[in-house]
Enquirer: 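One structure is given below, represented as structure tokens, and several questions about it will come after.
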Amino acid sequence: MVEVRRRVTIPAELDRLAEIRAVVRDVARGYEAPADCIDDLVQAVDEAATNIIVHGYRGAEGTIELTAELVSDDFVITLADTAPAYDPTTVPPPDLTVPPAQRRPGGMGVHLMRLATDSLVHRPRPGGGNILTLTRARARGFKEV
């Protein structure tokens with residue numbers, strides 16, 4: 001197994017999301033993660049970073065500091081920003097009884113992050129901002145919704 005731990009700081013811009021996805025993908029591949037794990041991590045981090053850019057910074061300049069590593073047998077991805085405080089773990093689950101065509105656009109990002117990870121933990125960043133930690137086991141069984 002190749003030891004891979006990455007820490008990058010990327011401008012909080014939508015056209016930079018591909019770089020964030022690439023870092024997550026590279027680290028997961030470096031630790032020989034199965035395809036479903038890589039897909040889950042990339043989707044969850046993409047959703048989280050998009051929310052930081054669109055809802056956190058709201059067009060203002062900023063950065064996202066991403067750290068990706070394997071801890072024991074869990075991938076731990078940390079996203080830190082200096083956007084206004086926002087805890088996505090407090091977002092209630094969506095009402096899945098409403099047919100998709102009748103739902104307002106958006107509003108599924110946190111739900112998708114929860115499905116794709118084993119845990120989401122938010123904490124305020126010292127000095128202002130947010131730290132969101134997403135954890136996903138390299139191999140896991142069925143996760144109940």
Side-chain angles (χ1 to χ4, degrees), residues 1-96 100 103-145:
M1 176 176 19
V2 177
E3 290 297 316
V4 179
R5 178 178 196 245
R6 296 275 301 274
R7 178 171 290 170
V8 296
T9 300
I10 297 174
E13 300 167 0
L14 290 174
D15 62 353
R16 303 298 288 267
L17 287 170
E19 290 175 61
I20 292 172
R21 292 189 299 266
V23 169
V24 173
R25 198 174 284 114
D26 288 347
V27 170
R29 284 184 182 143
Y31 284 115
E32 302 172 357
D36 66 325
C37 178
I38 295 171
D39 292 344
D40 284 350
L41 286 168
V42 168
Q43 179 178 21
V45 171
D46 186 74
E47 293 289 346
T50 298
N51 284 347
I52 292 168
I53 294 165
V54 173
H55 303 295
Y57 286 115
R58 298 179 184 243
E61 286 188 19
T63 59
I64 298 172
E65 296 170 26
L66 179 134
T67 303
E69 62 188 324
L70 188 71
V71 177
S72 295
D73 208 34
D74 294 333
F75 285 98
V76 178
I77 312 292
T78 303
L79 301 167
D81 63 61
T82 56
Y86 177 72
D87 183 354
T89 65
T90 64
V91 173
D95 182 357
L96 298 177
R103 287 189 211 138
R104 66 174 180 77
M108 294 297 288
V110 175
H111 176 68
L112 293 172
M113 286 189 286
R114 287 178 177 137
L115 290 176
T117 62
D118 296 310
S119 74
L120 288 175
V121 176
H122 172 271
R123 66 185 192 274
R125 184 176 185 170
N130 304 279
I131 299 172
L132 182 65
T133 303
L134 301 92
T135 304
R136 168 48 160 94
R138 185 185 353 214
R140 68 177 189 188
F142 175 76
K143 183 175 179 182
E144 191 172 315
V145 179

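From a predicted model like this one, the values you see are computed outputs, not experimental measurements.
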Enquirer: Identify the two heavy atoms, one from Ala44 and one from Thr117, that lie closest to each other, and give their separation to 0.1 Å.
Expert: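 In terms of heavy atoms, the two residues are closest at CB-CG2, 3.6 Å.
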Enquirer: Out of Val76, Leu41, Val71, which residue meets the side chain to side chain contact (heavy atoms under 4.5 Å, CB included) rule with Thr135?
Expert: Val76
Enquirer: I need the minimum non-hydrogen distance between Gly56 and Ala83, along with the two atoms involved.
Expert: C-CB, 3.6 Å
Enquirer: Return the minimal non-hydrogen interatomic distance between Arg58 and His55, and the atom names on each side.
Expert: NE-O, 3.1 Å
Enquirer: Could you pull out the closest heavy-atom pair between Thr63 and Tyr57, with the gap in Å?
Expert: O-OH, 2.7 Å
Enquirer: Please give me the minimum heavy-atom distance between His122 and Tyr86, naming the atom from each residue.
Expert: NE2-O, 3.0 Å
Enquirer: Measure the spacing between CZ of Arg29 and CD1 of Ile38 and express it to the nearest 0.5 Å.
Expert: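 Here the interatomic distance stands at 5.5 Å.
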Enquirer: Please report the closest heavy-atom contact between Tyr31 and Glu69, naming both atoms and the distance.
Expert: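 Looking at all heavy atoms of both residues, the shortest contact is CE1-C, 4.4 Å.
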Enquirer: When rounded to the nearest 0.5 angstrom, what is the spacing between CD1 in Ile77 and CD1 in Ile20?
Expert: 11.0 Å
Enquirer: State which residue, out of Thr89, Asn51, Val45, fulfils the side chain to side chain contact (heavy atoms under 4.5 Å, CB included) condition with Met113.
Expert: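 Going through the options one by one, the only one that passes is Asn51.
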Enquirer: Of Ile10, Asp15, Leu17, which is the lone residue that meets side chain to side chain contact (heavy atoms under 4.5 Å, CB included) with Glu13?
Expert: Asp15
Enquirer: Measuring from Glu47:CD to Arg114:CZ, what's the distance to the nearest 0.5 Å?
Expert: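 Glu47 CD to Arg114 CZ: 12.5 Å, rounded to 0.5 Å.
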Enquirer: Are any of the side-chain nitrogens in Arg136 or Asp36 under 4.0 Å away from the carboxylate oxygens of its partner?
Expert: yes
Enquirer: Using modelled atom types and a 3.5 Å cut-off, is there a donor and acceptor pairing between side-chain atoms of Asn130 and backbone atoms of Asp87?
Expert: no
Enquirer: Can a donor-acceptor pair be found, under 3.5 Å and without considering hydrogens, that links the side chain of Asp118 to the backbone of Ala137?
Expert: yes
Enquirer: What is the distance from atom CG of Leu132 to atom CD1 of Ile64, rounded to the nearest 0.5 Å?
Expert: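 So the gap between those two atoms works out to 10.5 Å.
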Enquirer: Look up atom OG1 in Thr133 and atom CZ in Arg123, then write down how far apart they are to the nearest 0.5 Å.
Expert: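 Rounded to the nearest 0.5 Å, the OG1-CZ separation comes out at 5.0 Å.
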Enquirer: Do Leu134 and Leu79 have side-chain heavy atoms sitting under 4.5 Å apart?
Expert: yes
Enquirer: Would you compute the distance between atom CG of Asp81 and atom CG of Leu66 and round it to the nearest 0.5 angstrom?
Expert: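 With rounding to 0.5 Å, CG (Asp81) is 12.0 Å from CG (Leu66).
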